[in-house]
Structures are given as C-alpha cells and as structure tokens.
Engineer: 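Questions regarding the structure given below will be posed in turn.
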2 protein chains.
Amino acid sequence: MQVAVDAVVFTIANNDLKILLIKRKYPPYQGQYALPGGFVLLDENLEEAAQRELEEETGVKNIFLKQLRTYGNAKRDPRGRVISVAYLALISADQKLKATTDASDARWFLLSQLPALAFDHKEIIQDSLENLRYEIQTTNISFQILPKKFTLTQLQRLYEIILDKTLDKRNFRKRIRELGILKATGEQEREGAHRPAAFYTFASTKYQPLSEKINVFLK
Amino acid sequence: MQVAVDAVVFTIANNDLKILLIKRKYPPYQGQYALPGGFVLLDENLEEAAQRELEEETGVKNIFLKQLRTYGNAKRDPRGRVISVAYLALISADQKLKATTDASDARWFLLSQLPALAFDHKEIIQDSLENLRYEIQTTNISFQILPKKFTLTQLQRLYEIILDKTLDKRNFRKRIRELGILKATGEQEREGAHRPAAFYTFASTKYQPLSEKINVFLK
DNA sequence: ACAAAAGTGTTCGATATACACCCATGT
DNA sequence: ACATGGGTGTATATCGAACACTTTTGT
C-alpha cells in the first residue's frame with residue numbers, strides 16, 4: 001500500500017481566492033491538473049513529505065501546513081491502492097512559483113474556474129474550503145497569507161474573500177481590536193489619492209487558536 | 001509502507017467516561033493495552049477496515065465512526081513504517097464485548113485510569129477527547145450512545161460527563177428544545193421513588209451538524 | 001409525611017448587529 | 001475642489017447565564 005500527501009494551498013490575488021495546482025507529467029491523468037503532492041518516503045514524517053513535495057513541484061517551501069483529513073477510498077487511484085493525507089495551507093501571493101518548464105508547471109487557479117482534476121482532488125478541495133473558513137474564524141492562520149505589514153482593510157478583504165460575504169468595517173475592526181492579536185507599526189501606507197492607512201503586524205506569528213473565542217465571525 | 005486504522009471508542013457507564021482497549025497478544029508491546037485496530041487490506045476502504053478490526057478484536061460492530069486524524073510519525077511503530085488513521089466513536093455501554101479469551105481481551109477503561117499504552121495511542125486518545133467534546137456540541141453524535149428512548153436527565157448527564165462540568169437543568173432543556181432534535185414518545189420512565197421522567201427519542205438518527213449553531217455549550 | 005428526582009420561566013448582563021459621517025491624501 | 005478609501009462610536013436586539021420552587025411518585 002502506498003501513502004501519499006497532497007497540499008491544498010490557497011492564496012489571494014486580485015481580490016480572488018486561488019488555489020495552487022500542478023499539471024501532471026505522467027500517467028495516470030497525464031496532462032491534467034492536480035494538487036501538488038506525492039509519495040511519502042520511508043523515513044520522513046507526513047508533514048515533511050508534504051513540504052518536500054510542495055517545494056519540488058512548485059518551489060513553495062517551508063510554509064505552515066495543517067492536516068486536513070485522509071482520503072482512502074480503495075478505488076481512488078487507478079494505479080492501485082494509494083491513500084492520501086491532505087494538508088491545508090494559506091500563503092502570500094507574492095511567493096515565487098517555480099518557473100514553468102517541461103519539468104514543472106505550477107499555476108494558480110481561481111476557485112471558481114478549476115480545471116478538470118485528477119483523482120478525488122475536487123472533493124479534497126471542497127473539504128479544504130470548508131475547513132479554511134473554519135480556520136480563519138478560530139485561529140490566526142491568516143498570518144500566513146498577509147505581508148509582514150498590512151492594513152486593516154487588507155485583513156478585512158481577506159476575510160471577505162474567504163467567507164464570500166461582506167463584513168461591516170466598524171464591527172470588524174472592533175473585534176480584531178478585542179482579540180488583541182495586532183500591533184500598530186506606526187507606519188502608514190502612502191498610496192492612492194486618499195487618506196493613508198496605518199500598518200499593522202501580528203503580535204504572534206505562531207499558529208494558535210484565537211483566545212477562547214471560537215466562532216468569531218460566523219453568521 | 002503499511003497503513004493501519006485505530007478506533008477510539010467511548011462509552012459512558014456508571015456516570016463515567018470509558019474507553020475501549022484491547023490487550024496486545026503479539027509483539028511489539030505484547031501484553032500491553034492498545035486501541036483496537038490493525039492493518040488496512042488492499043481492497044477495503046479505511047472506514048471499512050476500522051469496522052472490521054473493531055469487530056474482530058472486540059465484537060463491537062457496525063457503529064458510526066468519524067475520522068479523527070492520521071498519525072504518521074516515522075518512528076511511531078518499532079516494526080517499521082506504519083501510519084495510522086484514527087477513528088472516533090461513541091457507543092452505548094450495553095453493547096456486548098467479545099468474551100475475554102486467550103485470543104481476545106477487550107475491556108473498558110476509565111479515562112482517568114488508563115494503563116500504559118502501546119505506540120502513540122495515549123496521544124491519540126488525548127486528541128480524541130478534545131474532538132469528542134467538540135463533536136457533541138456541534139453535531140448530534142450523542143445519538144450513538146443513548147438507548148432509543150431516554151430521559152432529558154440522561155442526556156444532560158451525558159453532556160456533563162463528557163464536558164466534565166455541570167450544566168444548568170433549565171438552560172440545558174431550553175436549548176435542546178430550541179434545537180428541535182428530540183421527540184417526546186409519550187411514555188414515561190417509572191423507576192425510583194420520584195416523579196416519572198418523560199421518554200424522548202431523536203427525531204433523526206443520521207449523523208449531522210446541529211442546525212446552524214456551532215458552539216452550543218461551549219464556555 | 002417525607003425523600004428523591006422531574007419539571008418549569010424570568011431577569012439581567014454580555015455580545016452581536018445595524019448604522020453614517022468626518023478625515024487625510026493625490027490630482 | 002473633488003474623488004477616494006481610511007477611520008471612528010452608539011443604540012438596539014439577541015443570546016447566554018444565573019437562579020428557586022412546585023410536582024409526582026415510592027416507601
């Protein structure tokens with residue numbers, strides 16, 4: 001029996017939620033897109049395998065990965081029995097991807113415009129999106145996606161895009177303030193013909209649950 | 001690489017939360033207790049494997065299993081590389097276990113009095129308990145543990161034991177009523193020198209999230 | 001009659017939601 | 001001066017938490 005890992009990597013670019021896919025070079029599903037991933041080596045932990053495969057296939061390395069769940073339907077892989085442990089990640093859109101060569105074709109896709117996908121990767125992505133929505137409301141995983149310094153509007157946009165709904169600016173800021181997870185840097189974004197926005201950073205950069213409060217922006 | 005499944009099966013007996021363990025007959029960890037589980041066969045799905053192993057080792061069969069997470073540390077099994085997909089279940093305490101023979105030794109253990117455990121099963125149980133607490137607050141998984149007909153006090157006791165805290169009777173009943181997941185059967189429990197309690201059943205017996213509300217009894 | 005668990009509503013505080021205007025800048 | 005996005009506070013509604021007495025039965 002073979003054990004694989006797959007990474008569902010989300011980012012936000014141009015106000016849209018995107019996902020990182022690679023084009024498969026070999027059968028099965030040759031030429032189709034799939035989640036980055038591959039087989040786990042005998043001496044590496046599961047998450048290490050996911051990090052390695054991600055770097056090999058897309059150039060993205062050393063990011064925070066959260067285990068999603070394991071897909072083990074007996075017929076999910078035409079090559080034989082392969083189970084796959086899926087990982088979830090959020091990264092900043094300015095990470096460089098490996099240049100597209102004949103050995104590597106990694107691209108961002110709009111969630112609303114996914115190509116046909118190999119294996120059960122469509123299902124994995126569905127599950128991931130649900131999980132991502134849960135994560136951003138209960139943990140500080142959003143740290144992963146924003147630049148070191150960011151404005152409150154950028155942060156709010158992130159939530160709006162992932163949750164796919166608009167949020168009230170004042171209420172959003174109030175809750176973020178209450179959570180106490182941000183620090184003002186004192187600097188300002190000076191861009192565009194409007195009042196400059198204050199820059200913030202996260203007080204902690206370790207993945208963790210948001211204080212005691214679950215359910216921060218549900219409903 | 002080998003793929004195993006393990007089942008963390010909880011029950012409640014005598015007002016205590018218990019967990020189902022088996023004594024290992026062969027090395028490694030021979031004679032120590034472990035979660036019921038074993039290797040996945042080539043042609044069965046992961047959950048099927050968990051059901052099968054559970055029945056073989058404990059006599060418990062055909063119960064609701066929820067995937068917890070996958071444990072894949074490279075050194076977790078001294079025999080070599082084995083990853084294990086853990087499943088969580090709640091069952092009623094009156095399920096008969098396989099009689100203890102030299103081929104089978106399955107027993108319930110108080111969570112507070114666990115023996116030394118094989119592999120990383122201690123960690124798996126810790127994670128399961130957290131997950132169980134989350135599940136009973138966000139899904140109707142408690143269906144699995146109660147008899148077909150039960151009293152509101154029995155249901156409340158279940159929550160109190162799993163959450164390890166007391167709940168207010170009136171608030172508890174109000175919320176359960178609001179959730180609309182119970183039906184009164186019209187029958188009464190006539191036992192003990194006190195007012196008889198009304199029997200209820202669950203309106204649906206399928207595992208599902210509790211309406212829109214997450215976070216039903218947190219805090 | 002008494003012991004034992006079942007059953008039942010209301011008040012109060014905390015949290016979530018709805019909502020509109022002024023500010024600082026670039027052009 | 002005007003267009004653009006940044007920034008701020010309050011009032012109301014909803015939800016969660018605290019709380020005590022009456023009812024029905026068996027002995």
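Labels below follow one simple rule: chain letters A, B, ... track the order of the sequence lines, proteins then strands, and each chain is numbered from 1.
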Engineer: Is there a donor-acceptor contact under 3.5 Å from the side chain of B/Q154 to the main chain of B/T151?
Structural biologist: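 Here the side-chain-to-backbone pair exists.
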Engineer: Rounded to whole angstrom units, what separation is found between the CD atom of B/E178 and the P atom of D/dC15?
Structural biologist: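 So the two atoms are 8 Å apart, to the nearest Å.
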Engineer: Mind calculating the distance between CZ (A/F172) and P (D/dG6) to the nearest angstrom?
Structural biologist: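 Atom CZ in A/F172 sits about 12 Å away from atom P in D/dG6.
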Engineer: Checking contacts here: which listed nucleotide (D/dT25, C/dT10, C/dG7) is nearest the side-chain heavy atoms of B/K174?
Structural biologist: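 Side chain of B/K174 sits closest to C/dT10.
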Engineer: Atom CZ of A/R173 to atom P of C/dT17: distance rounded to whole Å?
Structural biologist: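 These atoms are roughly 18 Å apart.
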Engineer: To the side chain of B/N171, which of D/dG6, D/dC19, D/dG26 is closest?
Structural biologist: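 When the side chain of B/N171 is considered, D/dC19 is the closest of D/dG6, D/dC19, D/dG26.
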Engineer: Both A/K169 and B/E189 contact DNA chain C. Which one's nearest nucleotide lies toward the 5' end?
Structural biologist: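 Nearest nucleotide further toward 5': that of B/E189.
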Engineer: For C/dT17, does OP1 or OP2 lie under 4.0 Å from any side-chain N or O of A/R175?
Structural biologist: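 A/R175 to C/dT17 OP1/OP2: side-chain N or O found under 4.0 Å.
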Engineer: In this structure, how many angstroms lie between the C1' atom of C/dC2 and the CZ atom of B/R195, rounded?
Structural biologist: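 Distance check: B/R195 CZ to C/dC2 C1' gives 17 Å.
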Engineer: Figure out the CG/P separation between B/D168 and C/dG7, and round it to whole Å.
Structural biologist: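 My rounded result for the distance is 15 Å.
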Engineer: Is the shortest side-chain N/O distance from B/T153 to OP1 or OP2 of C/dA6 below 4.0 Å?
Structural biologist: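 True: B/T153 side-chain N/O within range (under 4.0 Å) of C/dA6 OP1/OP2.
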Engineer: Just to verify, which of A/Y33, A/Y71, A/Y29 counts as forming a ring pair (Phe, Tyr, Trp, His ring centres under 6.0 Å) with A/F119?
Structural biologist: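 Result for ring pair (Phe, Tyr, Trp, His ring centres under 6.0 Å) with A/F119: A/Y29.
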Engineer: If you check the B/H194 side chain, which of C/dC23, C/dA4, D/dT24 turns out closest?
Structural biologist: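 When the side chain of B/H194 is considered, C/dA4 is the closest of C/dC23, C/dA4, D/dT24.
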Engineer: Is the Lys NZ or Arg CZ of A/R175 less than 6.0 Å from the centre of A/F172's six-membered ring, within 45° of the axis?
Structural biologist: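 Judged by the rule, A/R175 and A/F172 form no cation-pi pair.
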Engineer: May I ask you to decide if A/V85's main-chain N or O and A/Q67's side chain share a donor-acceptor pair within less than 3.5 Å?
Structural biologist: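 No, the answer is negative, given that no donor and acceptor are paired below the 3.5 Å cut-off.
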Engineer: Examine D/dT25: is either OP1 or OP2 under 4.0 Å from a nitrogen or oxygen in the side chain of B/R190? Give yes or no.
Structural biologist: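 For B/R190, the contact criterion (side-chain N or O under 4.0 Å from OP1 or OP2 of D/dT25) is not met.
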Engineer: If we ignore angles and hydrogens, is there a donor and acceptor under 3.5 Å between the side chains of B/E160 and B/Q156?
Structural biologist: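 Indeed, the side chains of B/E160 and B/Q156 share at least one donor-acceptor pair under 3.5 Å.
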Engineer: Measuring from the side chain of B/P196 (C-beta onward, heavy atoms only), which nucleotide among D/dT25, C/dT8, D/dG6 has the closest atom?
Structural biologist: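 Nearest nucleotide to the side chain: D/dT25.
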Engineer: Starting at CD of B/Q154 and ending at C1' of C/dA6, how long is that distance when rounded to a whole Å?
Structural biologist: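 From B/Q154 CD to C/dA6 C1': 13 Å.
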Engineer: Taking atom C1' of C/dA4 as reference, at what distance in whole Å does atom CZ of B/R157 sit?
Structural biologist: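 Result: 12 Å.
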Engineer: Starting from P on D/dT12, measure out to CZ on A/R170 and report it in whole angstrom.
Structural biologist: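 It is 15 Å, rounded to the nearest whole Å.
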